[in-house]
2 protein chains.
Amino acid sequence: MLIKDILNPSMTFHINDMLRIESTNDRFLGPGRIELLEKIIETGSISQAAKLMGMSYKKAWDSIHSINQQTVTPIVITQAGGEKGGGTIVTDEGKLLIASFKQLHADIRLYFSEKIETFLQS
Amino acid sequence: MLIKDILNPSMTFHINDMLRIESTNDRFLGPGRIELLEKIIETGSISQAAKLMGMSYKKAWDSIHSINQQTVTPIVITQAGGEKGGGTIVTDEGKLLIASFKQLHADIRLYFSEKIETFLQS
DNA sequence: TCGCGTTATATATTTGCAAATATAACGTTT
DNA sequence: AAACGTTATATTTGCAAATATATAACGCGA
């Protein structure tokens, strides 16, 4: 008896490989927050980054606020008011987090793709 | 610059290691459905299994209906009416799915625990 | 034929969360 | 001091998902 003979062949199965790092009772990093941080680097602004992603400003702000609260070193630094009305930058620590997360994610996706393959063919 | 010096040391971080196997546009197997199948084996009944898990009967029924629709061989066989009012059994194919899923889940949890360790200490 | 406990299914209600909206505060520029 | 675009925060609205409720169908046994 084989797994592949049980599953409906007209359907394609996959593992949900979204990597999410969480702390005790809050989310920390996931694909969405990583993309948001990258868009903030591009635009220098939370509101513009949110708009670029089709995300509400509130959700974007909540996300970066959540991230900052879970680190000792700030990941983003915001300024309300000032030239161009203000803005937001991602710190070097933030950029390190982004790079490390993406590497970890790539590793896990690879491992998953191997595992699901053997599972579905077993 | 190190990840572990960025993160708040008063918080414990972990990877969300819930394994979910999905098809094109429906869930297939996750920890909840696995537990439900196991409780059905124990009790011989969807309703009793649901009650044991604190799950509504509708959600339980929807879950097993969804599973059965994604396989060519039925995973559970239900009977409405009959002695004791009816009942539900898990087929050998269902038991194979449970065992394979748990093995896969264990492998992934191990891999994750190694990965998150190096990530958090890097 | 009725009762029983179960599966099967529809409908209504509630709840939680995402989105939208509104407003305040901020600090440079003019 | 007024304008501007941004961050910051509260409030309201809308919607989807979970839950609850109700009812039907099923088939054996008394």
Side-chain angles (χ1 to χ4, degrees), chain A residues 16 18 20 22 25-33 35-71 74-91 94, chain B residues 16 18 20 22-23 25-71 74-91 94:
Chain A
N16 181 355
M18 288 298 148
R20 302 189 180 287
E22 310 168 338
N25 47 3
D26 194 7
R27 281 180 256 181
F28 182 55
L29 280 185
R33 291 184 174 190
E35 184 183 351
L36 178 63
L37 288 173
E38 290 178 325
K39 295 263 188 295
I40 289 174
I41 292 176
E42 284 175 39
T43 61
S45 150
I46 294 178
S47 61
Q48 286 182 47
K51 190 170 299 179
L52 227 54
M53 290 181 66
M55 179 186 287
S56 70
Y57 172 79
K58 175 175 170 28
K59 181 174 180 182
W61 188 89
D62 284 347
S63 296
I64 68 100
H65 182 69
S66 159
I67 293 172
N68 265 355
Q69 276 198 328
Q70 297 179 71
T71 58
I75 299 309
V76 308
I77 295 176
T78 60
Q79 184 188 3
E83 63 175 344
K84 290 187 283 182
T88 299
I89 63 164
V90 174
T91 64
Chain B
N16 181 354
M18 289 298 147
R20 303 190 180 285
E22 310 168 339
S23 68
N25 46 5
D26 195 7
R27 281 179 256 180
F28 182 53
L29 280 184
R33 290 185 174 191
I34 291 294
E35 185 183 351
L36 177 62
L37 287 174
E38 290 178 326
K39 293 265 188 295
I40 289 174
I41 292 176
E42 284 175 39
T43 61
S45 151
I46 295 178
S47 61
Q48 287 182 45
K51 190 169 298 179
L52 226 56
M53 290 181 66
M55 178 187 288
S56 70
Y57 172 79
K58 177 175 170 27
K59 182 174 180 182
W61 188 89
D62 284 348
S63 296
I64 69 100
H65 181 70
S66 159
I67 294 172
N68 265 353
Q69 275 197 329
Q70 297 179 70
T71 57
I75 299 309
V76 307
I77 294 176
T78 59
Q79 185 189 2
E83 64 175 343
K84 289 188 285 183
T88 300
I89 63 164
V90 175
T91 63

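So you know, we letter chains A, B, ... as the sequences are listed, proteins then strands, and number each from 1. As the structure is a computational prediction, the values presented were derived from the model and not from experiment.
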Residues passing the salt bridge (Lys or Arg N to Asp or Glu O under 4.0 Å) test with B:Lys51, sequence neighbours excluded, are none
Report, one pair per line, the protein and nucleotides 24-30 of chain C atoms (nitrogen or oxygen only) whose separation is under 3.5 Å.
residue	atom	partner	partner atom	Å
C:dC26	O2	A:Gly81	N	2.9
C:dG27	O4'	A:Gly82	N	3.2
C:dG27	N3	A:Gly82	N	3.3

At under 4.0 Å, does any side-chain N or O of [X] touch on OP1 or OP2 of [N]?
{"X": "A:Thr88", "N": "D:dT7", "result": "yes"}
{"X": "B:Trp61", "N": "C:dA8", "result": "yes"}
{"X": "B:Ser47", "N": "C:dG5", "result": "no"}
{"X": "B:Thr78", "N": "C:dT6", "result": "no"}

Would you kindly give the [atom1]-to-[atom2] distance between [X] and [N], to the nearest whole Å?
{"X": "A:Ile46", "N": "D:dT9", "atom1": "CD1", "atom2": "C1'", "value": "13 Å"}
{"X": "B:Met53", "N": "D:dT19", "atom1": "CE", "atom2": "C1'", "value": "15 Å"}
{"X": "A:Lys39", "N": "D:dT6", "atom1": "NZ", "atom2": "P", "value": "17 Å"}
{"X": "B:Asn68", "N": "C:dT7", "atom1": "CG", "atom2": "P", "value": "13 Å"}
{"X": "B:Tyr57", "N": "D:dA18", "atom1": "OH", "atom2": "P", "value": "18 Å"}
{"X": "A:Ile64", "N": "D:dT9", "atom1": "CD1", "atom2": "C1'", "value": "13 Å"}
{"X": "A:Met55", "N": "C:dC17", "atom1": "CE", "atom2": "P", "value": "17 Å"}
{"X": "A:Lys51", "N": "C:dA19", "atom1": "NZ", "atom2": "C1'", "value": "16 Å"}

Inset, instruction - For A:Lys59, answer base if it contacts any base atom (sugar-phosphate contacts may also be present), sugar-phosphate if it contacts only those atoms, and nothing otherwise; contact means non-hydrogen atoms under 4.0 Å. - result: sugar-phosphate
Describe the nucleic acid contact of B:Ser45 in one word from base, sugar-phosphate, nothing, applying a heavy-atom distance below 4.0 Å. sugar-phosphate
Review point. Is the backbone of A:Leu37 close enough, under 3.5 Å, to the side chain of A:Glu35 for a donor and an acceptor to pair up by distance?
Key: no
Q) Would you say the side-chain atoms of B:Gln79 pair up with the backbone N or O of B:Ile89, donor to acceptor, closer than 3.5 Å? A) no
What distance do [X] atom [atom1] and [Y] atom [atom2] have between them, rounded to the nearest 0.5 Å?
{"X": "A:Ile46", "Y": "A:Ile64", "atom1": "CD1", "atom2": "CD1", "result": "4.0 Å"}
{"X": "A:Ile41", "Y": "A:Thr88", "atom1": "CD1", "atom2": "OG1", "result": "12.0 Å"}
{"X": "A:Arg20", "Y": "B:Met18", "atom1": "CZ", "atom2": "CE", "result": "13.5 Å"}

DNA chain D nearest-nucleotide lookup for A:Gly87 and A:Lys58: closer to the 5′ end is A:Gly87
(message) Under the criterion side-chain hydrogen bond (donor to acceptor under 3.5 Å, both in side chains), I'd like the reasoning laid out for A:Ser45 against A:Ser47: C-alpha separation, chi angles, the key distance, then a yes or no.
(response) CA-CA 6 Å; A:Ser45 150; A:Ser47 61; 3.0 Å; yes
